[in-house]
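Computation of the quantities below employed the complete heavy-atom set of this structure, encompassing side-chain atoms and omitting hydrogens, waters and symmetry-equivalent molecules.
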Amino acid sequence: MKPFEKRVWLATPTMHGEELTYITKAYETNWMSTVGENINEVERITCEKVGCKYAVALSAGTAALHLCVKLAGVKPGDKVFCSDMTFSATVNPVVYEGGIPVFIDTERETWNMDPVALEKAFELYPEVKVVMMAHLYGTPGKIDEIRSVCEKHRAVLIEDAAESLGATYKGAQTGTFGTCRAISFNGNKIITGSSGGMLLTDDLEAANKARKWSTQSRENAPWYQHEELGYNYRMSNVIAGVVRGQYPYLEEHIAKKKAIYMRYKEGFKDLPVTMNPYDEVNSEPNFWLSCLLIDREAMCPQIRGEQKALFISQPGKSCPTEILETLAAYNAEGRPIWKPMHMQPIYRMHGFVTREGNGRANTNAYIAGEGMDVGVDIFERGLCLPSDIKMTAAEQDIVIDIVHRCFE
Ligand SMILES: *Cc1c(COP(=O)(O)O)cnc(C)c1O
């Protein structure tokens, strides 16, 4: 088998032409700044699509999360319960405000924050007032359970819906459940502006604050008058043009991502693997990334250090390192699962709570594959597959074939 001539990607931008119309219009009318029709329109469209009252267009999803953390009133030294198996951008904004992330282990049914571990965390840290949860890979988490734990402990829920735009839970879109929520238009997301993000809220006062903070916190005075710290976080009207051109294709992108997921699921049914799971009764993911989880019994030995990985190939078995290296050799891009935050050098001294209580990755147990927390286990056995919607069915069949060969 020859490598792919054209690289098969994990997830890249997919443009449709309309983006160019809106960018060009911004150029021709000289609205080449952080004000303009594209911005107003994408805020309006977002509110309409997601079903929220206010949307504030920002330079990035990370900026939106930062302003959510500020709105939640996180002060230096405050602990915040955070999703553990996620992209670091979920967590870093807590630290921007001097907050201290305490990580909550993952559940196996949706790969998101475990509400049982969250309840446990409130026993251990009853003073905590803010929870930051992400919907990983476009799969809604256990929202009802998480919300009821938050309500019971009077905690504010911040929802990181950066990866899950368009996904629904019990008929409502992700990005409507937290007190404050963030979406992202980063280049690899389900739709993109090349960059950009939004803060979503139903609270007019919160929306106005976010808008003001994002534009350097100018007071209503004839000169530059400042009473609060400001940020340069507003979305550009050019970026907004790209987002505006992408929005009509959100559903199409989701349908294509779902078809990719289902094709993998079918293609791997005879292998000792499962796909990233979701609540098939209550949720409809956006299927942003298709992921694999290898059965424990079918794992060949694999060791990961801080920067490098080694494995021993065995017949009938494989591991994420082998599959990722093999895909790369065929010019296809996969990726490891987000390495849990409690395993990251920058965060590993922070609190970490599993269903059993205070936990910490135990190196010996990690190697033996026993007594692990859920995040470590999924990180060890899981990987993200090429999920680009421009991948053809024929290309995907080859990817499926490559994975089969790893188990031979
Ligand atoms: C992409 C992403 C973000 C950050 O969004 P940007 O727009 O890239 O700043 C935050 N959280 C998660 C889970 C993400 O995947």
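Aromatic ring centroids of W338 and F87 lie under 6.0 Å apart. Residues F122 and H153 place their aromatic rings such that the two centres sit under 6.0 Å apart. Proximity of the aromatic rings of Y137 and F287 is defined here by a centroid distance below 6.0 angstrom, and this criterion is not met.
A donor-acceptor contact under 3.5 angstrom links the side chains of T321 and Q302, judged on distance only. Residues E145 and S148 bring no donor and acceptor atom of their side chains to less than 3.5 Å of each other. Using modelled atom types and a 3.5 Å distance limit, the side chains of T354 and D373 yield no donor-acceptor pair. Side chains of S313 and E322: a donor-acceptor N/O pair is present below 3.5 angstrom, by distance only.
A salt bridge between K189 and E163 is absent, with no side-chain N of the basic residue lying under 4.0 Å from a carboxylate O of the acidic one. Using a cutoff of 4.0 Å between basic side-chain nitrogens and carboxylate oxygens, E356 and K120 are not scored as salt-bridged. Under 4.0 Å is where a charged nitrogen must lie from a carboxylate oxygen, and between E266 and K269 at least one such pair does. Salt-bridge check for D377 with R108: passed, with a basic side-chain N closer than 4.0 Å to an acidic carboxylate O. In summary, R355 and D114 engage in a salt bridge, as defined by a charged side-chain N under 4.0 Å from a carboxylate O. Salt bridge E41/R44: present, at least one basic N to carboxylate O contact under 4.0 Å. Using a 4.0 Å cut-off between charged side-chain N and carboxylate O, E43 and R234 make a salt bridge.
At least one side-chain heavy atom of I378 sits less than 4.5 Å from a side-chain heavy atom of M85. In this structure, the side chains of N358 and L124 come closer than 4.5 Å at one or more pairs of heavy atoms. Between V91 and F103 there is a side-chain heavy-atom pair separated by less than 4.5 Å. Looking at L71 and L199, their side chains come closer than 4.5 Å, going by heavy atoms from C-beta outward. Contact annotation: the side chain of F311 never approaches that of I303 to less than 4.5 Å [non-hydrogen atoms, C-beta and beyond]. Here the side chains of E107 and V374 are not in contact, with every heavy-atom distance at 4.5 Å or above. Contact check for K170 versus D144: side-chain heavy atoms found under the 4.5 Å cut-off.
In this structure, CG in L229 is found 10.0 Å from CH2 in W213, a value given to the nearest 0.5 Å. If you take CD on E19 and CZ on R244, they are separated by 12.0 Å, rounding to the nearest 0.5 Å. Distance NZ/K212 to CG/L67: 13.0 Å, rounded to 0.5 Å. Within the model, atoms CG of N331 and CD1 of I402 stand 9.5 Å from one another, a figure rounded to the nearest 0.5 Å. Here CZ of R147 is found 8.5 Å from CD of E159. Values are rounded to the nearest 0.5 Å.
One N or O on the side chain of N276 and one on the backbone of C291 form a donor-acceptor pair closer than 3.5 Å. Proximity of a side-chain donor or acceptor of N112 to a complementary backbone N or O of T110 within less than 3.5 Å is detected. Side chain of D105 to main chain of G357: no donor-acceptor pair is present (N/O by atom type, distance under 3.5 Å, no hydrogens or angles). Between the side chain of R381 and the backbone N or O of I294, at least one donor-acceptor pair lies under 3.5 Å. Checked by atom type and distance alone, the side chain of N237 pairs as donor or acceptor with a backbone atom of N38 at under 3.5 Å.
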Taking it one step at a time, do H253 and N286 satisfy side chain to side chain donor-acceptor pair (under 3.5 Å)? CA-CA 8 Å; H253 286 199; N286 71 4; over 6 Å; no
Assess whether ring-ring contact (aromatic ring centres under 6.0 Å, His included) is satisfied between Y169 and H135, documenting all intermediate values. CA-CA 11 Å; Y169 176 83; H135 305 288; 8.3 Å; no
Could you walk me through whether T168 and T174 satisfy the side-chain contact (heavy atoms from CB on, under 4.5 Å) test, starting with their C-alpha distance in whole Å, then the side-chain angles of each, then the deciding distance to 0.1 Å, before giving a yes or no? CA-CA 6 Å; T168 60; T174 60; over 6 Å; no
Just do the side-chain contact (heavy atoms from CB on, under 4.5 Å) check on Y264 and I400 with the steps written out, would you? CA-CA 7 Å; Y264 276 133; I400 291 169; 3.8 Å; yes
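A cation-pi arrangement is absent between K390 and W9, since the terminal nitrogen or guanidinium carbon is not both under 6.0 Å from the aromatic centre and inside a 45° cone about the axis. Seen from the ring of Y54, R211 does not count as a face-on cation partner, given the 6.0 Å and 45° thresholds.
Under the 30°/60° scheme for interplanar angles, the aromatic rings of Y233 and Y231 are found to lie parallel. Ring geometry, Y278 versus Y261: the interplanar angle exceeds 60°, so the pair is classed perpendicular (tilted spans 30 to 60°). Using the six-membered ring where Trp is involved, H16 and Y249 have ring planes that are parallel, under 30° apart on the 30 and 60° scheme.
When all heavy atoms of V130 and A155 are compared, the pair lying nearest together is N-CB, 4.3 Å. Across all their heavy atoms, G51 and T176 have their closest contact at O-CG2, 3.5 Å.
Of the residues listed (T90, T62, T86), the one engaging D160 in a side-chain hydrogen bond (donor to acceptor under 3.5 Å, both in side chains) is T90, and it is the only one.
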